[in-house]
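The next block holds one structure in the form of structure tokens; read it before the comments.
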Amino acid sequence: MFPLTEENKSVAWLLLSTGTCPRCIFRFCGVDFHTPYKLPYKDLLNELQKFLETETDTVILEVPNPPLKKIRLQESDDETADLSQNGEGRLSADGSIAPRPSRLNVCNICLGILQEFCEKDFIKKVCQKVEASGFEFTNLVLSVSFPPQLSVREHAAWLRVKQERGKQSLSLGRNDIIQLKEAYKWITHPLFSEELGVPIDGKSLFEVSVVFAHPETVEDCHFLGTICPDCFKPAKNKQSVFTRMAVMKALSQIKEEDFLKWFPCPPNPPKAVCSVLEMECAHGAVFVAGRYNKYSRNLPQTPWIIDGERKLESSVEELISDHLLAVFKAESFNFSSSGREDVDVRTLGTGRPFAIELVNPHRVHFTSQEIQELQQKINKSSDKIQVRDLQLVTREALGHMKAGEEEKTKTYSALIWTNKAIQEKDIEFLNDIKDLKIEQKTPLRVLHRRPLAVRTRLIHTMETHYLDQHHFRLRLKTQAGTYIKELVHGDFGRTQPNIGSLLSVTADILELDVESVDVDWPPALDD
Amino acid sequence: MATESAAAAPSIPSLVDRYFTRWYKADVKGKPCEDHCVLQHSNRICVITLAGSHPVLQSGKTIESISYQISTNCSRLQNKVSGKFKRGAQFLTELAPLCKIHCADGEEYTVSSCVRGRLMEVNENILRKPSILQEKPSTEGYIAVVLPKFEESKSITEGLLTQEQYEEVVGKRIRASTAPS
């Protein structure tokens, strides 16, 4: 059923005669159901003309310069007549007739968006690109960006249509018009869905984005810059000051009479149609978590680079992430973990929780079997690290790793040297100390990059294992954030008390192992 | 110095030797034997200490008091740094005084920064217990911590003596004083 009623006739006349496409006419007549928009363009045009030809007399009386309209109506139907209309608009502007890419008149409001750019041929082209991109996806979200002056043209048409309806004592609010984006979605979503065989889902992680541009953006927006210079401040990363946001801001500020003075309402026919500036696919990040052991005292957690020069060949994060990058076909990764250990410290026991964000992954669907194989592959590739409990996790779940970072405890084993000879009985008293409160100044070794502060930390328990006159092993359970090396040697007396001061000796730490990081995330898996 | 390395040799180099480079300045401000030692960490942080040959560390000396008040309006104790970038630090030139050491024999010694940079902290522990300065001059008895500018972290030690050069200076000094005149 044709969606327009008698009430819409004058507006439909006005718009069609100034070069507006049928779908934009529907929008300005507030047609808010999808079906009419999806009909083929040619049919829409015919039906619209048929609708307007009936009882033409009454309508024509109400519109100014009816003869012109009649000509145009014919033109849009007749391709040979097209040129004359084109020339009329074009010659007055720049004196030349540019070749027109479309056989249709480009709509003066949507600049072709609701014409060829929502037709099956165009959608097919986009879909071919999507399929060629090699992404794995089960649904998708479509994001389209229109040239900035579409808001200007939309505004101009709205002012004119509002005026026209005013004659019939009808009002027209900004929200009575169907948004261009809405109409575009109504038409194209089913086409995309059908072509790619997956549903469109606003929450999908897979995004197909199409950016439209138009050669006359500056020309159409220029007057706004003159009236509202404050809205158009040049920015470093912007190619043009006429961004969508800036134009919208200016439109919300400009007075109606100023706008009418500076911009033709309804808008003039454009010289060209929109072009596709960008067509891109991107997949939202996915996250992989697990726990790692580090068995080497020559392996940093993250790449160790000073003055652009690599200190050590590899790192924990690379040994794990390189495999993930390859399998997920991701662009890059971000490694995070529940704390970190020094290059010369091993991490034993059940390991340290970590998570890796895989940015723009092309592959995202894996069975637990496949993840387990991936874990084996990582573990086989290096004897410096081992990984367990590898699993896909949500972004939200990462919070478990970072939250409670202050409350969690860690267990260490330290090999300690003393300058003075010790007996077993000299160190036994440490076993009886519970929740020892220490004051740690920011260690000198990290002071260059961390604020200077005194931090109070608790040493929950200590357990001594006497080795010989100058060595013993100390197992400690401490509050997170305790610097263990400094606790042992005292860091120039900047950690008080320290193992040396407790024993009245000079103490030094020869080896340190992390025995447990007491965070119960990610969940353990039975391999 | 001697007291620290006396006992059993550890199986690895000492904390200072592992992470720091020792730099020396002899006869600071032209005062004979007032030698200083700057421990520079690989992260460019400098710990200012007295060299083993400094008069204060010679046997028989007793420190009566140490003062970080270097003039009527300036006390190194007032130094405060905040944040990662250590805003508010006092800036020190290589000749800037850090503290004064008063000895029981009436002598007073001024310790200088020896390196350009910003003062991170002074060692308040030696105010309470000046003897730490003599017992452990290159660790717990340090004078102050200075952070040189990043771009000057190499050049600030250019005018200083290496361990070898320092030992040579001290050796010459001993030979000169024991040589028959």
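Please read these numbers as outputs of a predicted model, since none were measured by experiment. The sequence lines fix the lettering, A, B, ..., with proteins before strands; numbering per chain opens at 1.
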N/O donor to acceptor pairs below 3.5 angstrom from side-chain atoms of residues 119-127 of chain B, sequence neighbours left out:
unit_1, atom_1, unit_2, atom_2, d
Glu121(B), OE1, Arg494(A), NH2, 3.2
Glu121(B), OE2, Arg494(A), NE, 2.5
Glu121(B), OE2, Arg494(A), NH2, 3.4
Glu121(B), OE2, Tyr142(B), OH, 2.8
Asn123(B), OD1, Asn125(B), N, 3.1
Asn123(B), ND2, Glu140(B), O, 2.8
Asn123(B), ND2, Tyr142(B), O, 2.9
Asn125(B), OD1, Arg128(B), NH2, 2.7

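Every residue meeting the side chain to side chain contact (heavy atoms under 4.5 Å, CB included) condition with Asp468(A), not counting sequence neighbours, appears here in chain and number order: His470(A), His471(A).
Identified by a heavy-atom distance below 4.5 Å to chain A, contributing residues of residues 96-114 of chain B are lacking entirely. Below 4.5 Å, heavy atoms of chain B meet heavy atoms from Leu444(A), Arg445(A), Val446(A), Leu447(A), His448(A), Arg449(A), Arg450(A), Pro451(A), Leu452(A), all part of residues 443-455 of chain A.
Here the side chains of Ser413(A) and His465(A) are not in contact, with every heavy-atom distance at 4.5 Å or above.
If you look at Phe287(A) and Phe333(A), their ring centroids are not closer than 6.0 Å.
Panel note: side chain Lys29(B), backbone Leu95(B); a donor-acceptor pair is recorded below 3.5 Å. Side-chain atoms of Lys294(A) come within 3.5 Å of backbone N or O of Val345(A) as a donor-acceptor pair.
A salt bridge links Arg473(A) and Glu511(A); the closest N-O separation between the charged side-chain nitrogens and carboxylate oxygens is under 4.0 Å.
Only the side chain of Lys86(B) comes within contact range of chain A, with at least one heavy atom under 4.5 Å from a heavy atom of that chain. Using a 4.5 Å cut-off between heavy atoms, Leu15(B) contacts chain A through both its backbone and its side chain. Residue contact with chain A, scored on non-hydrogen atoms closer than 4.5 Å, involves the side chain of Phe20(B) exclusively.
Only one option out of Leu39(B), Leu160(B), Leu161(B) pairs with Arg22(B) in a side-chain contact (heavy atoms from CB on, under 4.5 Å); it is Leu39(B). Put simply, the residue from Ile499(A), Leu430(A), Ile438(A) that forms a side-chain contact (heavy atoms from CB on, under 4.5 Å) with Ile459(A) is Ile438(A). Residue Glu341(A) is tested with Arg346(A), Arg352(A), Arg297(A), Lys485(A) for a salt bridge (charged side-chain N to carboxylate O under 4.0 Å, His left out); the sole match is Arg352(A).
A donor and an acceptor atom, one from each side chain of Asp17(B) and Ser14(B), are located under 3.5 Å apart.
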